[in-house]
Every structure is written in C-alpha cells, then in structure tokens.
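Beneath this line is the structure, given in structure tokens, with notes to follow.
Along the sequence shown, the residues carry numbers beginning at 1. For the numbers below, each heavy atom of this structure counts, side chains included, while hydrogens, waters and symmetry mates do not.
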Amino acid sequence: MGGVGKTALALVLAHQLKDRFPDAQLYLNLRGADPERRAPLPAAEVMERVIHTFHPQAKLPEDPEQLGATYRAVLTEAGRVLLLLDNAAGPDQIQPLLPPNNCLLLVTSRTQFAPAGWVVRNLDCLAPEKAQELLRTLAPRIADFTAEAAKLCGGLPLALEVFGAAVRENTVWPVADLVARLRAKNKDTLEPVRAAFQISYDLLSLRGQEDWRRLSVFPGTFDAPAAAAIWQEADLELALHRLKALVKASLVQYSPGNARFRLHDLVRDYLAGLLAPEERRELRIRFGGHFARVGDETNRLYLKGGQGILQALALFDLERANLEAALALLREEAGLPKHDDQRKVQPIADASARESARLLIQLVDGIAYVGALRFHP
C-alpha cells in the first residue's frame with residue numbers, strides 16, 4: 001500500500017548493491033499509481049529514457065521491436081547496470097523492460113504480481129514493536145505514549161515518520177496533547193497517514209502551511225529556484241532556508257546527491273486537496289512561467305552547439321516531468337482543447353487564460369529543438 005516504504009526500501013537496497021553494479025544506477029518512476037491521475041509511463045518511453053542516458057543524441061527507431069532491441073543492446077554494452085523501476089502499474093508494463101543478464105532490475109508496485117523466476121517480497125505495515133522502535137528513534141521524548149502513537153499511525157512508516165517529526169520539532173507542545181490530536185483525527189475517520197499530515201499541517205505557521213501546500217504543484221523532483229518561483233521569493237537563500245525547515249520536519253524529502261527536493265505522492269495528493277481553486281490556478285501559471293524560462297535556457301544552450309547541445313539535453317532530461325506537466329497545465333488553463341481540433345479556437349477573453357496561452361507559446365518555442373530529439377514523432 002501507499003506509505004509502507006516500498007521506494008525507501010528499494011533505494012536502500014540499490015545503495016547497498018551499487019558497488020556490484022558500478023557502471024550505472026538508474027531510477028525511473030513508472031507512474032503506476034499517480035496522484036495527478038496521469039497514465040502509467042509507456043514502456044517505449046522508459047526504453048527511450050534509458051537509451052538516452054547512455055547516448056543523449058541517439059535517433060531512436062519508431063518500431064517497438066527495433067526499439068526493444070536497441071534498448072537491450074545499449075544495456076549489454078553498458079556493463080553492470082542497476083535499474084530501479086519504481087511504482088510499476090503491473091507485469092504488462094514491466095515485461096518489455098526486462099534487461100539483459102548483466103543488469104539487476106528492482107521493481108516496486110502497489111499491485112501484487114510475481115513473474116516466474118523473480119524474487120518477490122510483499123511489504124506490510126511494521127509490526128508493533130518495530131513501529132514503536134522507529135518512533136522512539138525519531139522522537140525519544142515520546143516515552144510512555146509510544147505504543148498508542150504507533151497504533152494510531154497504523155504501523156505505516158510514512159505516518160510514523162511525519163508524526164515522529166512533529167513530536168521532535170514541536171517541543172513546546174506536550175506529547176500528551178500531540179497524541180490526543182492524533183487520536184481525535186483518527187476518530188474523525190481520517191486514515192493514519194492523513195491524520196499525521198493534518199497534525200503536521202496544523203502545527204505549521206501560516207506561511208509554513210502556504211509553503212508546504214504550494215509545493216504540491218510539482219509532479220516530481222524540483223530544485224530551490226523552482227520552489228522560489230512558486231513562492232514568489234526573490235531571495236534564493238531565503239527560499240532554501242524555508243525548504244530546509246520543511247525537510248527537517250520530514251514534510252519534504254531531499255536528495256543531497258543532486259540537490260533536488262520531492263514530495264511523497266501521498267503528501268502531494270493530500271496538499272493538493274487543500275488548494276482553493278483560485279490559488280491552484282495562480283500556482284499553475286507560476287509553475288508554467290518558471291518552466292517556460294527553463295525551456296528558454298535549454299534553447300540558449302542548444303544554440304551554442306557542441307557541448308551546449310548535451311547540456312541542453314541534460315537539463316531537459318532532468319526537468320522533463322515538470323516540463324511535460326507545464327505543457328499540460330498551461331494548455332488547460334488557457335482553455336485549449338485537450339486534443340488536436342480543427343475547429344476554430346475562439347479568442348481568449350480572460351486575462352489569466354491569455355497569460356497561460358502566452359507562456360504556453362514561450363514554452364513550446366523554448367523546447368522545440370530538444371523536444372525534436374526527445375519526444376516521439
């Protein structure tokens with residue numbers, strides 16, 4: 001189930017095994033369960049991304065069989081490669097992605113499936129003693145309330161982590177009061193994870209609530225400048241300070257390897273539900289504006305030629321999930337049809353929709369060159 005720690009466990013395992021697969025370690029979110037209700041990532045697109053990791057400027061075949069053959073050939077040539085395919089929809093999505101024998105494939109999914117020859121582990125909630133041990137590690141002052149709090153969190157690692165951080169960081173609140181809040185939220189029929197989220201949200205300052213809530217616009221990982229743009233914070237150092245406060249409270253995840261931030265998908269889904277319609281619309285335009293500027297930067301790098309082309313492709317690959325989301329959100333906010341429509345598009349009267357349309361044009365122009373190398377024809 002969501003929040004049980006599948007991705008966290010897979011990442012720990014991948015880290016422990018990386019020395020046995022030193023040539024490359026790749027991570028991809030397959031969107032099997034997606035809070036934005038996007039379709040699972042097609043196997044062909046996964047293959048393209050893996051191939052482009054090793055050969056950024058490769059022209060790829062459109063025929064699925066030829067693409068599959070290229071995918072396996074590239075991985076064979078690459079050597080000892082570890083592939084972590086997170087959040088798979090099911091066996092049909094994974095079957096075309098099976099790598100050659102020189103590679104290790106790790107898969108997580110909310111769907112149970114057991115292909116022949118695979119090592120399968122079904123992850124359940126933590127046993128009571130393990131849940132209590134985790135809470136005591138996260139928040140030693142929880143003391144006599146450990147057993148009840150662990151039970152109220154349902155043994156789910158994500159709920160335990162968030163509530164444990166709330167106890168650890170909010171020392172002015174007696175533990176008994178925090179546990180009472182958790183008990184009350186459970187009685188309100190909130191599931192354990194959402195109850196923990198709600199308590200953490202309530203304990204934040206108004207600006208902290210706004211900061212956390214507004215990060216839900218990001219579909220994947222993001223950097224500090226992107227958060228600053230969403231928050232309209234001109235001081236990047238101050239934006240980084242605000243992000244670190246959320247990380248310390250276990251409300252935002254941080255990867256020091258690439259200095260990127262992310263929300264757990266259950267956190268993102270919860271926070272998105274707190275956005276008022278006008279706030280959501282304003283956030284989407286800010287999001288689109290920032291990534292239109294990222295698109296301009298890919299264009300600037302590409303036109304330099306030489307290494308600039310590789311830098312442009314690397315930037316596009318890093319921000320691809322955000323760029324694709326920006327395209328979709330701006331198109332929706334501009335009131336354009338979801339699919340190609342030959343009927344005449346009516347003039348846009350609404351100022352917000354006009355701004356969305358302007359940013360959409362800017363973004364399409366910005367990624368025109370790199371898009372020709374990355375998007376399927």
Side-chain angles (χ1 to χ4, degrees), residues 1-8 10-11 27-41 86-89 108-110 156-163 165-166 190-202 204 208-224 226-231 239 242-255 258 260-277 279-288 290-291 318-330 332-333:
M1 68 177 76
V4 82
K6 298 181 297 298
T7 302
L11 287 169
Y27 168 91
L28 277 169
N29 179 2
L30 301 192
R31 298 198 314 233
D34 187 68
E36 271 108 46
R37 313 295 188 266
R38 293 173 298 173
L41 211 58
D86 189 27
N87 194 13
T108 75
S109 179
R110 292 191 191 178
L156 276 170
L158 181 60
L160 292 163
E161 183 182 11
V162 171
F163 184 70
L190 283 179
E191 38 186 76
V193 171
R194 286 182 173 266
F197 295 163
Q198 186 63 54
I199 290 170
S200 295
Y201 183 82
D202 291 343
L204 291 170
Q209 291 178 353
E210 184 179 273
D211 284 352
W212 194 30
R213 190 172 67 237
R214 292 183 173 185
L215 294 178
S216 65
V217 73
F218 293 105
T221 68
F222 56 93
D223 59 14
I230 294 303
W231 293 338
R242 288 158 67 176
L243 279 168
K244 287 179 178 177
L246 293 172
V247 171
K248 187 179 179 184
S250 296
L251 304 179
V252 173
Q253 298 171 357
Y254 176 66
S255 174
N258 58 6
R260 305 279 290 184
F261 301 85
R262 70 180 290 269
L263 296 178
H264 189 285
D265 58 354
L266 294 181
V267 174
R268 189 182 310 118
D269 190 41
Y270 162 77
L271 294 172
L274 300 179
L275 294 172
E279 183 181 27
R280 179 179 291 106
R281 187 173 199 187
E282 182 182 346
L283 280 176
R284 288 176 159 197
I285 295 173
R286 292 183 196 173
F287 177 85
H290 176 73
F291 286 102
L318 181 65
E319 299 289 6
R320 178 164 180 163
N322 291 315
L323 290 165
E324 290 187 348
L327 286 167
L329 293 178
L330 289 172
E332 185 177 327
E333 290 301 324

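Ion pairing of Arg38 with Glu324 is absent here, as no side-chain N (NZ or NE/NH1/NH2) approaches a carboxylate O to less than 4.0 Å. For Arg280 and Glu333, the salt-bridge test fails: no basic side-chain N is under 4.0 Å from an acidic carboxylate O.
Listed by chain and residue number, Asn170, Ser200, Leu203 satisfy the side chain to side chain contact (heavy atoms under 4.5 Å, CB included) test with Ala166 (two or more places apart in sequence, or in another chain). For Asp211, the side chain to side chain contact (heavy atoms under 4.5 Å, CB included) partners at least two apart in sequence or on another chain are Arg207, Trp231, Arg242, Leu246. Shown here are the side chain to side chain donor-acceptor pair (under 3.5 Å) partners of Ser216, two or more places apart in sequence or in another chain: there are none.
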Q.
Go through it in stages, so that I can follow the logic: the residues are Leu28 and Asp86, the test is side chain to side chain contact (heavy atoms under 4.5 Å, CB included), and I'd like the CA-CA distance, side-chain angles, deciding distance and then a yes or no.
A. CA-CA 6 Å; Leu28 277 169; Asp86 189 27; over 6 Å; no
(Q) Applying side chain to side chain contact (heavy atoms under 4.5 Å, CB included) to Arg213 and Tyr201, what does each step give before you reach the verdict? (A) CA-CA 9 Å; Arg213 190 172 67 237; Tyr201 183 82; 2.7 Å; yes
Q: Give the C-alpha distance, both sets of side-chain angles, the deciding distance and a yes or no for side chain to side chain contact (heavy atoms under 4.5 Å, CB included) between Val267 and Trp212.
A: CA-CA 10 Å; Val267 174; Trp212 194 30; 3.6 Å; yes
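Of the possible donor and acceptor atoms, one in the side chain of Arg31 sits under 3.5 Å from a partner among the backbone N and O of Ala39. A distance-only check finds no donor-acceptor pair linking the side chain of Asn87 to the backbone of Asn29 [under 3.5 Å]. Side-chain atoms of Asp265 never come within 3.5 Å of backbone atoms of Gly3 as a donor-acceptor pair (strictly under, hydrogens ignored).
Annotation: side chain of Leu266 is in contact with side chain of Phe197 (closest heavy-atom distance under 4.5 Å). Between Arg194 and Asp269, some side-chain heavy-atom pair lies under the 4.5 Å cut-off. Side-chain contact check for Thr7 versus His264: every heavy-atom pair is 4.5 Å or farther apart. Two residues are said to be in side-chain contact when any heavy atoms from C-beta on lie closer than 4.5 Å; Val252 and Leu263 meet this criterion. Side-chain contact between Phe222 and Leu215: present, with at least one pair of heavy atoms (C-beta onward) separated by less than 4.5 Å. A heavy-atom distance below 4.5 Å is found between the side chains of Leu318 and Arg260. The shortest distance between side-chain heavy atoms of Ile230 and Leu283 falls below 4.5 Å.
Heavy atoms only, all atoms of each residue included: Phe287 and Pro219 are closest at CZ-CD, 3.9 Å. Shortest non-hydrogen contact noted between Ala165 and Ala249 is CB-O, 3.2 Å. Considering all non-hydrogen atoms of both residues, Ala10 and Thr108 come closest at CB-CG2, 3.7 Å. Between Ala159 and Pro192, the shortest heavy-atom distance links the atoms CB-O, 4.0 Å.
Note: Lys244 NZ to Lys248 NZ = 12.0 Å, rounded to the nearest 0.5 Å. Between the CG atom in Leu275 and the CZ atom in Arg214 there is a gap of 8.5 Å [rounded to 0.5 Å].
Between Phe218 and Phe291, the ring planes lie perpendicular to each other; the angle is over 60°, past the 30° to 60° tilted range.
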